[in-house]
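All ligand and atom numbering here is 1-based and tracks the order in the structure. We count residues from 1, following the sequence as given.
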Amino acid sequence: MSGEFKEAFEKTRIAGIVAAGALEEVSKIAKPGISTNKIDRLCYEYINDNGAYSAPLFYRGFPKSCCTSANHVVCHGIPSDKILIEGDIINVDVTAFKDGWHGDTSKTFEIGDVSVKAKKLVKTTYDAMMKSIRIVKEGLHLGDIGATIQNHVEKEGFSVVQDFCGHGIGEMFHKEPNVLHYGKKGTGEKLKAGMIFTIEPMINLGNFETKTLKDGWTAVTKDKSLSAQFEHTIGVTKDGCEIFTLI
Ligand code: MF3
Ligand code: CO
Ligand code: CO
């Protein structure tokens, strides 16, 4: 890999580890009775204590340091005084900006005991993301990623959100290409070693349609069904990929 790519990978790895570390801290407090503001404060402090900035804070006017998307919220939920209760599922999405580069990752947490259906949705979403990450390498088509996710999810009877996608990332938070979580094998741009992007499928228990609330951010399922999401930032290599947001 050329020197130029090497720097991008090294810097993204460093930012990615901070973002993943914040989620690890969140996992310790994601219990019934805590507020989403508490999760936000923890993310803010962890990211700052690790020499990074939280990229969401003030991004296009977003008011908080992470997104907290519970139950029928698909993505971009705004932390608040809302208290989590037993049975909730909640995605926490963290993006660290360190030394000029971004690392973006999210997980859906189960709050206490959750329903069998919710558990299946969360597992299917995670498995779909990992299955698609495992096929990434130079020469793969972007459509192969979407098709892998869509096939896995629809086999389980769930639906893939189409209104939001993964994205190129690096010195900019969001850049080309758009990484769709549905599609057809063999279609779309071919991956090249050195490309860095996120895969972040949002999967609904019911219909795939979403709408955005009046706050301008919170995206929810139109049919109020549960939604789950996981996200990693990855870098393409000749024979595979590196996941930057693992610890
Ligand atoms: N982290 C989200 C993503 O995966 C973006 C959040 S933008 C915000 O792309 F402004 F809502 F924070
Ligand atoms: Co992202
Ligand atoms: Co994210």
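- Atom 7 (S) of ligand 1 has Tyr59 CD2, 3.8 Å as its closest protein atom, hydrogens excluded (heavy atom only).
- Listed by number with element, the atoms of ligand 1 under 4.0 angstrom from any heavy atom of Trp217 are 8 (C), 10 (F), 11 (F).
- Among the heteroatoms counted here (N, O or S) of Glu200, OE2 is the one nearest to the Co ion (ligand 2).
- Ligand 1 lies less than 4.0 angstrom from a heavy atom belonging to His167.
- Residue nearest to atom 1 (N) of ligand 1, selected from Asp93, Leu57, Thr105: Asp93 (by heavy-atom distance).
- The protein heavy atom nearest to atom 12 (F) of ligand 1 is Pro56 CB, 3.0 Å.
- Backbone and side-chain nitrogen or oxygen atoms of His174 are examined, and one is located within less than 3.5 angstrom of a nitrogen or oxygen of ligand 1.
- Taking 4.0 Å as the cut-off, Thr198 does not count as a neighbour of ligand 1 on heavy-atom distance.
- The N, O or S atom of Asp104 with the smallest distance to the Co ion (ligand 2) is OD2.
- Not a single heavy atom of Phe164 lies less than 4.0 angstrom from ligand 1.
- A donor-acceptor contact under 3.5 angstrom links the side chains of Asp223 and Ser225, judged on distance only.
- The distance criterion of under 3.5 Å between nitrogen or oxygen atoms is met by Glu200 with respect to ligand 1.
- Contact check on Lys123 versus Glu156 returns no salt bridge, with no Lys/Arg side-chain nitrogen under 4.0 Å from an Asp/Glu carboxylate oxygen.
- Remark: ligand 1 atoms within the under-4.0 Å shell around heavy atoms of Thr95 are 1 (N).
- Under a 4.0 Å N-O distance rule, the pair Lys238/Glu138 qualifies as a salt bridge.
- Within the 4.0 Å heavy-atom criterion, neither part of Val94 lies near ligand 1.
- Close approach of ligand 1 to Phe173 (heavy-atom distance below 4.0 Å) involves ligand atoms 1 (N), 5 (C).
- Between His102 and Phe97, the angle of the ring planes lies from 30° to 60°, which puts this pair in the tilted group.
- A ring-centre distance under 6.0 Å is found for Tyr59 and His174.
- Which parts of ligand 1 touch Glu231 is read off a 4.0 Å heavy-atom cut-off, strictly below it: atoms 4 (O).
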